[in-house]
Amino acid sequence: MESSRSRKRTRQAYDYDAAPPPEREVVARGGVSPPWREDDRDGHYVFDLGENLTRRYKILSKMGEGTFGRVLECWDRETREYVAIKVVRSIRKYRDAAMIEIDVLNRLAENEKYSSLCVQIQRWFDYRNHICIVFEKLGPSLYDFLKRNRYQPFPVELVREFGRQLLQSVAYMHELRLIHTDLKPENILLVSSEYIKVPSTKKNTQDEMHFKCLPKSSAIKLIDFGSTAFDNQDHNSIVSTRHYRAPEIILGLGWSFPCDIWSVGCILVELCSGEALFQTHENLEHLAMMERVLGPLPEHMTRKASSSAQKYFRRATRLNWPEGAVSRESIRAVRKLDRLKDLVSRNADHSKAALVDLLYSLLRFEPSERLTAQEALDHPFFRNPT
């Protein structure tokens with residue numbers, strides 16, 4: 001992997017408030033730079049709506065915020081189009097992660113056949129100590145859409161289309177020896193914001209008809225490559241957002257491409273049920289939920305668990321549950337979970353046999369036994385849409 005320094009040499013970071021380099025693009029008139037402000041205490045860029053981010057971009061709204069920084073909807077005066085700009089916190093580790101993300105985005109964009117599966121980077125610049133990455137503007141995330149629908153599930157036909165595209169993007173990344181490590185519904189965006197309203201089976205307390213929204217287009221793109229790892233680099237011990245974290249990560253066994261596949265399985269369950277499969281924030285409870293849904297963890301994995309994970313087991317084989325539960329509420333949360341096939345059967349009236357088989361193949365405890373992304377695309381669930 002290239003160092004941040006070498007990447008900065010190969011692609012010039014430019015600040016529109018600084019003296020323009022000779023190759024700088026011409027910026028449309030009318031943009032006035034905002035007054036200098038100190039960042040907030042967390043290193044976030046401080047702004048007012050309606051002012052400019054450099055003379056080129058007018059800030060219209062805040063689209064989102066995360067540990068990395070903020071995403072702003074802006075008007076590009078030069079191209080006369082709306083864009084999304086990721087403004088990274090002015091903290092070294094986030095700046096370094098942003099440079100890695102830029103490297104990954106450029107690699108992903110090299111193959112035009114697959115580049116449409118991932119969000120497109122337009123340019124980047126360094127402004128007042130904030131790395132700013134300019135993206136095409138996309139629609140809401142799949143999580144936003146679920147939330148808007150009060151967590152009603154997507155129809156199986158849409159889950160199939162979302163799953164196919166997600167696996168295509170993951171297969172492309174894995175082909176490039178890249179591991180996303182943070183796949184989740186928040187990081188899957190619809191290309192369009194357009195939707196239609198259809199009658200819902202849910203009714204409110206007044207027994208009135210409910211409606212739910214469905215996207216007009218099923219086209220999606222994968223975003224947020226700030227945590228992407230190269231296969232040949234040293235891997236952090238903990239990756240992935242909790243609900244989508246694979247068992248080998250929790251057990252400290254090391255991880256690679258299959259951790260993305262586990263996340264895809266969790267995502268597909270969530271899209272067809274409306275709720276995250278493993279709603280937990282604690283390791284022992286998480287492992288207990290896995291066993292409740294999928295059956296017992298393999299002994300060969302539990303015996304090899306890291307020293308910090310051994311505390312979750314008795315004699316290195318049996319999960320210390322429910323004895324080790326932190327509360328009765330935790331025990332109840334595990335008990336209310338269904339087996340995977342029952343959970344899917346409740347929400348998928350047709351194609352359920354193929355979908356259940358696919359999910360079991362993605363959510364195998366042993367990483368080497370999980371389907372690869374490319375193998376999953378050949379599964380009957382995607383080949384037989386009936």
Side-chain angles (χ1 to χ4, degrees), residues 57 60-66 68 70-76 79-86 101-102 104-124 133-149 151-176 178 180 182-198 212-226 228 244 260 263-264 267-268 270-272 274 373 376-377 382 385:
Y57 301 102
L60 303 178
S61 68
K62 185 174 83 170
M63 301 177 71
E65 183 170 322
F68 60 85
R70 291 167 174 154
V71 178
L72 306 179
E73 178 190 17
C74 295
W75 174 253
D76 185 339
T79 62
R80 304 193 65 76
E81 63 183 9
Y82 296 101
V83 294
I85 302 183
K86 184 174 185 175
E101 179 170 19
I102 290 165
V104 170
L105 286 161
N106 286 331
R107 290 185 185 218
L108 292 172
E110 287 172 1
N111 189 325
E112 290 185 9
K113 179 181 176 182
Y114 296 103
S115 61
S116 62
L117 301 170
C118 304
V119 66
Q120 297 290 288
I121 181 175
Q122 295 184 353
R123 61 192 64 83
W124 70 276
I133 310 175
V134 185
F135 295 101
E136 60 181 328
K137 184 174 178 288
L138 299 172
S141 72
L142 295 188
Y143 174 78
D144 290 333
F145 219 93
L146 280 173
K147 186 177 179 181
R148 180 174 190 166
N149 279 332
Y151 303 100
Q152 295 179 74
F154 287 104
V156 174
E157 294 79 8
L158 269 177
V159 175
R160 179 182 289 109
E161 291 308 309
F162 293 153
R164 188 198 320 275
Q165 295 171 80
L166 177 57
L167 283 164
Q168 285 172 341
S169 62
V170 172
Y172 176 47
M173 290 192 70
H174 289 184
E175 185 181 318
L176 296 176
L178 298 170
H180 189 285
D182 198 20
L183 297 173
K184 55 185 176 181
E186 290 91 331
N187 286 340
I188 306 167
L189 267 53
L190 289 156
V191 172
S192 170
S193 299
E194 292 188 300
Y195 63 90
I196 57 174
K197 278 190 173 183
V198 298
K212 71 176 180 179
C213 301
L214 291 179
K216 271 191 175 181
S217 168
S218 63
I220 57 173
K221 290 196 178 189
L222 190 57
I223 68 163
D224 197 351
F225 302 94
T228 296
Y244 312 93
D260 278 348
S263 299
V264 171
I267 291 167
L268 293 183
E270 186 168 348
L271 297 182
C272 72
L377 286 166
F382 297 113

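Here the structure is a predicted model, which means the values were calculated and not measured.
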Could I get the full list of salt bridge (Lys or Arg N to Asp or Glu O under 4.0 Å) partners for [X], not counting sequence neighbours?
X: Asp76; value: Arg56, Arg123
X: Glu65; value: Lys62, Arg70
X: Lys184; value: Asp182
X: Lys147; value: none

List the residues meeting side-chain hydrogen bond (donor to acceptor under 3.5 Å, both in side chains) with [X], not counting sequence neighbours, and say none if there are none.
X: Asn187; answer: none
X: Ser141; answer: Asp144
X: Glu101; answer: Lys86
X: Glu161; answer: Arg164

Output yes when a side-chain donor or acceptor of [X] lies under 3.5 Å from a complementary backbone atom of [Y], and no otherwise.
X: Ser263; Y: Tyr244; answer: yes
X: Glu136; Y: Gln120; answer: yes
X: Glu194; Y: Lys216; answer: no

*What is the minimum heavy-atom distance between Leu214 and Val198, and which atoms define it?*
CD1-CG2, 3.9 Å
Who are the side chain to side chain contact (heavy atoms under 4.5 Å, CB included) partners of [X], not counting sequence neighbours?
X: Pro153; answer: Asn347
X: Leu176; answer: Leu108, Tyr172, Leu178
X: Cys74; answer: Tyr57, Ile59, Leu72, Val83, Ile85

_So, using ring-ring contact (aromatic ring centres under 6.0 Å, His included) as the criterion, who are the partners of Phe225 when residues are at least two apart?_
His180
